[in-house]
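Letters go in sequence order (proteins before strands), and every chain restarts at 1.
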4 protein chains.
Amino acid sequence: MRLLFIGDIVGKPGREIVGAVVPKLRAERGIDFVIANAENAAAGAGITGLIAKTLLESGVDAITLGDHVWDQKGFETDIASLDRVCRPANLPATSPGRDYLIVERNGFRLLVFTVLGRSFMGLKAECPFLCADALLKRLAGQYDGAVIEVHAEATSEKQALGWHLAGRATAVLGTHTHVATADAALLRGHTAFQCDVGMTGPHESVLGREITPVIGRFLDSMPRRCEVAVGDNRLSATLVEFGADGRASGVEWLQVRG
Amino acid sequence: MRLLFIGDIVGKPGREIVGAVVPKLRAERGIDFVIANAENAAAGAGITGLIAKTLLESGVDAITLGDHVWDQKGFETDIASLDRVCRPANLPATSPGRDYLIVERNGFRLLVFTVLGRSFMGLKAECPFLCADALLKRLAGQYDGAVIEVHAEATSEKQALGWHLAGRATAVLGTHTHVATADAALLRGHTAFQCDVGMTGPHESVLGREITPVIGRFLDSMPRRCEVAVGDNRLSATLVEFGADGRASGVEWLQVRG
Amino acid sequence: MRLLFIGDIVGKPGREIVGAVVPKLRAERGIDFVIANAENAAAGAGITGLIAKTLLESGVDAITLGDHVWDQKGFETDIASLDRVCRPANLPATSPGRDYLIVERNGFRLLVFTVLGRSFMGLKAECPFLCADALLKRLAGQYDGAVIEVHAEATSEKQALGWHLAGRATAVLGTHTHVATADAALLRGHTAFQCDVGMTGPHESVLGREITPVIGRFLDSMPRRCEVAVGDNRLSATLVEFGADGRASGVEWLQVRG
Amino acid sequence: MRLLFIGDIVGKPGREIVGAVVPKLRAERGIDFVIANAENAAAGAGITGLIAKTLLESGVDAITLGDHVWDQKGFETDIASLDRVCRPANLPATSPGRDYLIVERNGFRLLVFTVLGRSFMGLKAECPFLCADALLKRLAGQYDGAVIEVHAEATSEKQALGWHLAGRATAVLGTHTHVATADAALLRGHTAFQCDVGMTGPHESVLGREITPVIGRFLDSMPRRCEVAVGDNRLSATLVEFGADGRASGVEWLQVRG
Ligand SMILES: [Fe+2]
Ligand SMILES: [Fe+2]
Ligand SMILES: [Fe+2]
Ligand SMILES: [Fe+2]
Ligand SMILES: [Fe+2]
Ligand SMILES: [Fe+2]
Ligand SMILES: [Fe+2]
Ligand SMILES: [Fe+2]
């Protein structure tokens, strides 16, 4: 079976390339599951209920989110009615929204959840290692394979989580830095791992935003509007091949230009 | 001409693979300049004068360093006599050691310096943007091309520096995260850029260190020794092709297994 | 002579208590100079030109600012025409606004400037130690005494700056944490020092803001409006007594209830 | 009844002043409970079993710790046998050591525990708000009053915890910054609160360490030994008066010179 994991969708360009590319990719590559992190889908910060629905209609099976989960006002209410969207699992237990999803295709039940890292992250979260352990244990028997997204800044935390979960997950895939890493591999032989899947959106940019104002901010420390950029739109994703036993047999990172 | 930039050398495995691989690569790929970040060369933390000399004898033309520059006791004295080693340029002006190097080959003078990022970094440094601007301006006329290493954590800061220096440098190459990024490209047509070149050392590890104790630290927050690992030794480097005008015409990331 | 240094003025309650209390204090305590940090004067975040003028008319001689200096849109323009307002001195050199002020009274020229700390601070700044050294040296002969405000989070950085400047400044006074410290003292015999002067505004609050939403944010990590609070309004200030030689002979922290 | 809470004991000077002053204070002020944070008791970093025993013999009833809890090698083993020492309660559940203590005197059972803040702290910890809530609830009926220590950097987090626990605790007292705050008060009428109790040890120092090397580190970013200082030794503590109902009726900060 095949899973496509799409990295942080940024703004309108990101949404558009998903809509244009995903249906084709599904068909051409025989993809069974499409999961996408959409924490920057609304103007670069957060997501709305409407945007979530549009993405889900364009061929995405499940949407995950990161530290920008609550950036759009009202989404804390909208999320309740979105049954294919999950917020990071290690947020406080009282947080609205699902902390995991189980997506089914041809009888295979794929568990999907996100853990936030705790190094250099603004949003406070519970231990991602223990959170992942607990979810995997609690849901044992309800899933045939698990994709765990590590939404984090520090490569140390991402690699440590990859090794910690190796052998217990189909895939451990990183997001948040918006830059894909060149380390896609199978850990312990059957857990697909990559520190970061990269960003889906305009790449002539700084993390998806206009170059000039971002440089300006670094130069003079003054706030300024940094709009979502437009040039060099690309979809970044990781394709994982796995068997009925939930073990990955292949992992390939791909980038499709708009 | 060709430049090979080697990412963070970690411990004895890292030094050994440099010694084994670099001479061969130089010959096979017709490399003119070899620059290596060696901030983790001594047992994973810092470098000594002796190690620097050994690396320089094994085919490395210039050594750069990062936030771990002063980890080894005595190196603040040793560095004075090492004329092919530079410490980050945006450290305080009173810091020992060279803040840049000019390496010459066949009449081409290559300027090399490192700037430390300021996001999520323990070591305090002056503005890397202004530091790079000032050095390029001050040394104008003394170099034919410049390689600027961005030793930083945040992808935003690295990309912003890349765009800021694009058109003025032969290459802007990132280090520090120990994980190579999949974004090697020519910015503005002739500045080679990559967010991170990756690590040179044992890859069955967390950033070059043993997996089990690092996971342990994340799990219980207790300190423990995390030795340099041993398995899956690799050299990570970026190869930049450039002309006599200092403009890059090609960039390729490569990883060589030990 | 006597200097009153007023800590971070927060919102309308803060501005009102300054207007109500400062004229009386000036008269009763024979105060010669009144300096106030007003980085939170506009609705808790930043300051406007209009608010600055109102404060200056209510008996404040000089206004300083901190990391919130640019929070109000347009202030980066307004600041140019405000000749008794200075922004932190260790911001980039190209920043708008004065980096120091010299206030004169009865022939005594008091130098006033602020340095931002670099530990745990969002705004990037140059080294506060070197910045203070440089300003004191560059302006030598133009002032009879110097008040250096350390706008910083970490007590280590504030104490270190206090000792570093002891003997060279009339006073080194901290701001930013919004909580006064109980350590007002004369360092090396004649430099008044206090880690933090505390906040001027509503004290039935968290740092001047409404209690309930702030606790809510800590509990669930979700954003919410945290308005300036209203209850228990107080002015926090430090009174420094000093001679014509610029040496402090007394330091007293005081808090006046509204 | 009366409780004396002693702030971070630093090194030998800190231990000595505790030994010299506490027995006298107990007698003179009629103190029933003495609690002391001793996270810096061993050479400024951590504590040993032997030091803990000595402190407990010198009139301290209970010892608390902070982010430096595991700095001394072997203490993770020693702590098991120390029945009047607790480590921060919001460390991972698997951590060695007690997460709370109940100290009894004249039939009054005083619950004592520490929570670590999560803003600007190196050690990762679970949510201090939820941790405190859970402990208070779980132990309900087993204590007559509770002293909750907030070992944290950010004043916002400390104040928010103070208000959150006001009415449910006898006292909420801060430690970690090593500088006492001037805000000792009764919140909601009967919970004693102070952002920081301050340090017990040499005050001619930076947070208890020698001034010159610490300034040196800020100036050049180079590591150097920063020994525990010697001059101006003081004990910093907060005295809380409370009734049999566990409600505080008075709070007074005091500093005793050696
Ligand atoms: Fe993110
Ligand atoms: Fe993102
Ligand atoms: Fe580094
Ligand atoms: Fe490194
Ligand atoms: Fe501030
Ligand atoms: Fe403030
Ligand atoms: Fe601490
Ligand atoms: Fe401490």
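- No more than 12 heavy atoms of other residues, nucleotides or ligands lie within 6.0 Å of CZ in A:Arg247, so this atom counts as exposed by the packing criterion.
- Residue B:Arg234: no heavy atom, backbone or side chain, is found under 4.5 Å from chain A.
- Contact of A:Ile211 with chain B is made through the side chain alone, with heavy-atom distances under 4.5 Å.
- The minimum heavy-atom distance linking B:Gln159 with A:Val179 is given by the pair NE2-CG2, 3.4 Å.
- Side chain of B:Trp163 to main chain of A:Ile215: no donor-acceptor pair is present (N/O by atom type, distance under 3.5 Å, no hydrogens or angles).
- When each of B:Gln255, B:Arg118, B:Glu157, B:Arg217 is scored by its heavy-atom pairs under 4.5 Å with chain A, the top score falls to B:Glu157.
- The two residues B:Glu153 and A:Phe120 come nearest to each other via the heavy atoms CD-CE1, 3.6 Å.
- Between A:Leu130 atom CG and B:Asp220 atom CG the span is 9.5 Å, to the nearest 0.5 Å.
- For A:Ala184, no part lies near chain B; criterion is any non-hydrogen pair under 4.5 Å.
- Contact of A:Ser119 with chain B is made through the side chain alone, with heavy-atom distances under 4.5 Å.
- When each of A:Glu204, A:Arg209, A:Lys158 is scored by its heavy-atom pairs under 4.5 Å with chain B, the top score falls to A:Glu204.
- B:Val206 and A:Ser156 make their closest contact through CG1-O, 3.5 Å (heavy atoms, listed as atom of the first residue, atom of the second, distance).
- For B:Thr155 (side chain) and A:Thr177 (main-chain N/O), a donor-acceptor pair under 3.5 Å exists by modelled atom type.
- Between B:Asp183 and A:His203, every side-chain heavy-atom pair lies at or beyond the 4.5 Å cut-off.
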